[in-house]
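Note sheet for the following structure.
Chain letters run A, B, ... following the sequence lines, proteins first and then strands; every chain starts at 1.
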Amino acid sequence: MLDPKLLRADLDNTVRKLARRGITVDTAALAAIEEQRKRVQVHAEQLQAERNAKSKAIGMAKAKGEDASKVMQEASTIGAALTQAQAELERIQTALNDVVLGIPNIPHESVPEGHDERGNIEVRRWGEPRKFDFTPKDHVEVGERLGLMDFEVAAKISGARFVVMKGTLARLHRALIQFMLDLHTRDHGYVEVYVPYLVNSASLRGTGQLPKFEADLFKVPHESIDDEVALKALQGKDNDSVAVKKIDRSLYLIPTAEVPVTNLVRDVIVDAKEMPLKFVCHTPCFRSEAGSYGKDTRGMIRQHQFEKVELVQIVPPRDSYAALEALTGHAEKILQLLQLPYRVVTLCAGDMGFSAAKTYDIEVWLPGQNRYREISSCSNFEDFQARRMQARWRNPETSKPELAHTLNGSGLAVGRTLVAILENYQQQDGRVQVPSALRPYVGGLESI
RNA sequence: GGAGAGAUGGCCGAGUGGUCGAAGGCGCACCCCUGCUAAGGGUGUAUACGUCAAAAGCGUAUCGAGGGUUCAAAUCCCUCUCUCUCCGCCA
């Protein structure tokens with residue numbers, strides 16, 4: 001969420017910066033509703049102040065044993081106007097809030113111009129794509145030839161965009177997770193966390209997936225009151241004051257560990273001494289992939305369910321861009337140790353995610369596709385998520401709570417890392433070499 | 001699943017309708033005293049929002065959440081959530 005002050009005091013400038021993302025904001029409408037809000041809020045608060053003053057006077061009069069009936073009479077006349085003003089204010093604020101929650105983050109100045117991925121800028125490459133003396137196969141062929149990867153049985157069990165892996169391949173997949181977690185905890189100073197895979201809507205609002213991107217999520221319906229309880233409540237004493245309605249307690253499968261992990265600090269004021277907070281977390285991720293029909297339908301690149309090791313940092317604002325560089329480096333280190341060629345690109349303004357102020361994508365070389373494919377996305381959200389979730393820290397310089405900055409990045413997407421290994425380490429005989437860094441995690445196995 | 005008890009400021013804890021944003025304590029900050037530790041004394045110590053160019057000031061809201069009663073709710077009523085204890089069940 002953007003600072004509402006920017007939309008009030010610096011609207012034109014803010015809208016200009018947002019235009020870089022290719023979005024337009026109806027400034028006239030926004031300014032109009034904001035003007036309305038101001039008028040109604042001032043009015044409502046005046047009425048409240050008036051009522052409070054009279055109530056206080058009644059209290060004082062009664063304490064002294066004086067007759068307060070006249071003031072009580074006056075006070076009671078305020079009620080109706082106040083109720084009306086408050087209702088109007090609430091309506092306006094809801095409308096305003098809906099607009100503001102739908103506005104993406106402002107791109108950082110260093111973010112390049114561009115409307116889509118063609119505007120992204122490569123910042124560095126690492127490693128040389130291997131020269132094959134045979135035509136390299138894609139990971140589907142490699143995996144199926146080994147008899148260890150099965151999309152058909154997954155489709156029978158669940159449907160499209162799922163996979164079943166077996167034997168040494170399943171083990172290699174698991175080994176990657178251990179390898180990544182070990183590196184980030186041992187060498188990069190992250191604290192491992194285990195978190196829920198089902199989260200509530202408040203958490204998703206905090207990181208920015210809701211309200212705008214519900215279609216991308218798997219929702220698990222859940223209501224809190226059953227008919228029996230509701231009936232009992234209705235038969236209770238104060239029938240007229242009972243407001244029984246089913247409360248939607250639906251949960252969502254996490255699309256990334258970013259959601260539960262970043263929300264660890266929702267409504268928290270972090271002690272400056274504990275900063276920066278650095279968490280690493282392995283979870284499965286679930287994405288509906290609505291709107292990606294026909295895209296990456298083959299193989300493990302785009303699945304409804306995949307494993308990911310996620311890096312999350314909560315830092316003081318002035319450190320966040322240095323932290324983004326460091327975090328990106330931590331993700332790159334995995335690929336370097338696995339000897340997988342990759343490149344890093346800065347996403348242009350039009351290609352960035354909703355909540356991000358700046359994003360680096362790491363793209364790994366896939367011989368089967370003869371191109372680089374995203375394997376990690378590392379972003380600085382500045383205070384955009386922090387404002388939504390009220391994640392703060394106490395700034396020692398001001399001793400006041402201030403919004404923290406949040407960052408995250410994949411370190412790495414496990415399924416795609418496995419894909420990269422299968423494609424880059426394949427042999428002509430169909431076997432796949434195990435990268436030496438991984439061998440300790442698979443009992444010394446050299447190939448599968 | 002059944003029975004019960006709770007939820008108040010950074011922490012502990014008082015407060016059952018009215019000058020309560022909330023006593024007291026702890027902690028923290030600053031000051032005083034004290035020849036440097038300990039002890040003692042004083043002062044201060046929530047957050048958000050609005051108004052304002054900004055600050056000050058003023059106003060509004062917040063005692064788990066939502067709703068209700070009332071001129072007035074931390075306090076009364078209803079619903080929900082969460083925590084704890086006991087029983088049952090369970091990986």
Side-chain angles (χ1 to χ4, degrees), chain A residues 1 3-11 33-83 85-90 92-94 96-97 100 196 199-203 205 222-251 265-274 383 386-404:
Chain A
M1 189 164 71
D3 188 343
K5 290 195 181 80
L6 287 177
L7 298 172
R8 267 177 228 154
D10 201 16
L11 183 58
I33 193 169
E34 168 57 24
E35 192 281 323
Q36 209 180 0
R37 187 225 97 234
K38 185 187 286 193
R39 187 166 42 76
V40 174
Q41 181 164 351
V42 168
H43 180 55
E45 290 189 354
Q46 270 170 358
L47 287 172
Q48 283 183 87
E50 205 177 315
R51 190 201 60 191
N52 288 350
K54 291 205 192 302
S55 290
K56 206 172 206 174
I58 292 166
M60 289 198 287
K62 287 205 165 178
K64 289 188 215 152
E66 293 166 2
D67 175 37
S69 58
K70 185 160 174 292
V71 196
M72 283 173 70
Q73 182 67 37
E74 289 168 14
S76 61
T77 61
I78 299 175
L82 179 59
T83 306
Q86 281 175 328
E88 199 185 348
L89 179 62
E90 195 179 321
I92 294 167
Q93 280 180 328
T94 302
L96 199 55
N97 203 30
V100 174
V199 296
N200 56 33
S201 57
S203 296
R205 208 175 311 117
H222 184 220
E223 286 173 336
S224 65
I225 311 177
D226 61 24
D227 294 343
E228 206 182 332
V229 174
L231 192 64
K232 230 195 294 183
L234 281 168
Q235 287 168 341
K237 299 128 212 162
D238 286 281
N239 283 12
D240 44 353
S241 65
V242 177
V244 174
K245 55 170 187 266
K246 289 201 174 183
I247 294 174
D248 186 6
R249 308 265 315 151
S250 292
L251 297 170
V265 293
R266 172 150 53 93
D267 296 320
V268 169
I269 300 173
V270 181
D271 195 325
K273 289 193 285 283
E274 291 170 22
D383 64 11
R387 183 172 294 104
R388 288 175 163 240
M389 68 173 80
Q390 286 301 298
R392 296 176 292 177
W393 70 302
R394 201 171 285 277
N395 184 345
E397 288 169 19
T398 61
S399 77
K400 293 284 177 200
E402 294 172 11
L403 294 171

Could you tell me the Watson-Crick or G-U partner of [N], where both distances fall under 3.5 Å? Say none if there is no partner.
N: B/G57; answer: B/U51
N: B/G64; answer: B/C80
N: B/C86; answer: B/G2
N: B/C11; answer: B/G25
N: B/A91; answer: none
N: B/G17; answer: none
N: B/U37; answer: none
N: B/U69; answer: none

Residue [X], side-chain atoms from C-beta onward, closest of [options]:
X: A/A75; options: B/A61, B/C71, B/U47; value: B/C71
X: A/V42; options: B/A48, B/U60, B/U51; value: B/U51
X: A/R51; options: B/A72, B/U60, B/G18; value: B/A72
X: A/I58; options: B/U47, B/C71, B/C49; value: B/C71
X: A/K38; options: B/C49, B/C52, B/G18; value: B/C52
X: A/P401; options: B/C71, B/U19, B/U47; value: B/U47
X: A/K56; options: B/U51, B/U19, B/C71; value: B/U19

With side-chain contact (heavy atoms from CB on, under 4.5 Å) as the criterion, how do A/I78 and A/K54 come out once you've worked through the C-alpha distance, each side chain's angles and the decisive distance to 0.1 Å?
CA-CA 10 Å; A/I78 299 175; A/K54 291 205 192 302; 4.2 Å; yes
Rounded off to whole Å, could you give me the [atom1]-to-[atom2] distance for the [X] and [N] pair?
X: A/Q86; N: B/G68; atom1: CD; atom2: C1'; value: 14 Å
X: A/N200; N: B/G64; atom1: CG; atom2: C1'; value: 15 Å
X: A/K62; N: B/A73; atom1: NZ; atom2: P; value: 14 Å
X: A/M389; N: B/A48; atom1: CE; atom2: C1'; value: 18 Å
X: A/R392; N: B/C49; atom1: CZ; atom2: C1'; value: 13 Å

NA contact type, A/R387, heavy-atom cut-off 4.0 Å: base, sugar-phosphate, or nothing?
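Counting heavy atoms under 4.0 Å across all strands, no contact is made by A/R387.
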With heavy atoms under 4.0 Å as the rule, sort A/R37 into base, sugar-phosphate or nothing.
sugar-phosphate
Checking A/K62 against A/M72 for the side-chain contact (heavy atoms from CB on, under 4.5 Å) test, could you report, in this order, the C-alpha distance in whole Å, the side-chain angles of both residues, the deciding distance, and whether it holds?
CA-CA 11 Å; A/K62 287 205 165 178; A/M72 283 173 70; 4.2 Å; yes
With a 4.0 Å limit, can you tell me whether [X] has a side-chain N or O closer than that to the phosphate oxygens OP1/OP2 of [N]?
X: A/Q48; N: B/A61; answer: yes
X: A/K5; N: B/U51; answer: no
X: A/N52; N: B/U60; answer: yes

Test side-chain contact (heavy atoms from CB on, under 4.5 Å) on A/N200 and A/L251; report intermediate values, then the result.
CA-CA 5 Å; A/N200 56 33; A/L251 297 170; 4.1 Å; yes
What integer number of Å spans the P atoms of B/A55 and B/A5?
49 Å
Of the options A/Q48, A/H43, A/Q41, which is the one that meets A/E45 in a side-chain hydrogen bond (donor to acceptor under 3.5 Å, both in side chains)?
A/Q41
Between A/V71 and A/Q93, who's closer to the 5' end of RNA chain B by nearest nucleotide?
A/Q93
Would you mind telling me which residue lines up with the more 5' stretch of RNA chain B, A/G59 or A/E90, judged by nearest nucleotide?
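Between the two, 5'-proximity favours A/G59.
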For a side-chain contact (heavy atoms from CB on, under 4.5 Å) check, start with the C-alpha distance between A/L89 and A/Q86, then their side-chain angles and the critical distance, and finish with the verdict.
CA-CA 5 Å; A/L89 179 62; A/Q86 281 175 328; 5.5 Å; no
Of all the heavy-atom pairs spanning A/A75 and A/I58, show the shortest one and how long it is.
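Shortest heavy-atom separation between A/A75 and A/I58 comes out as CB-CD1, 4.3 Å.
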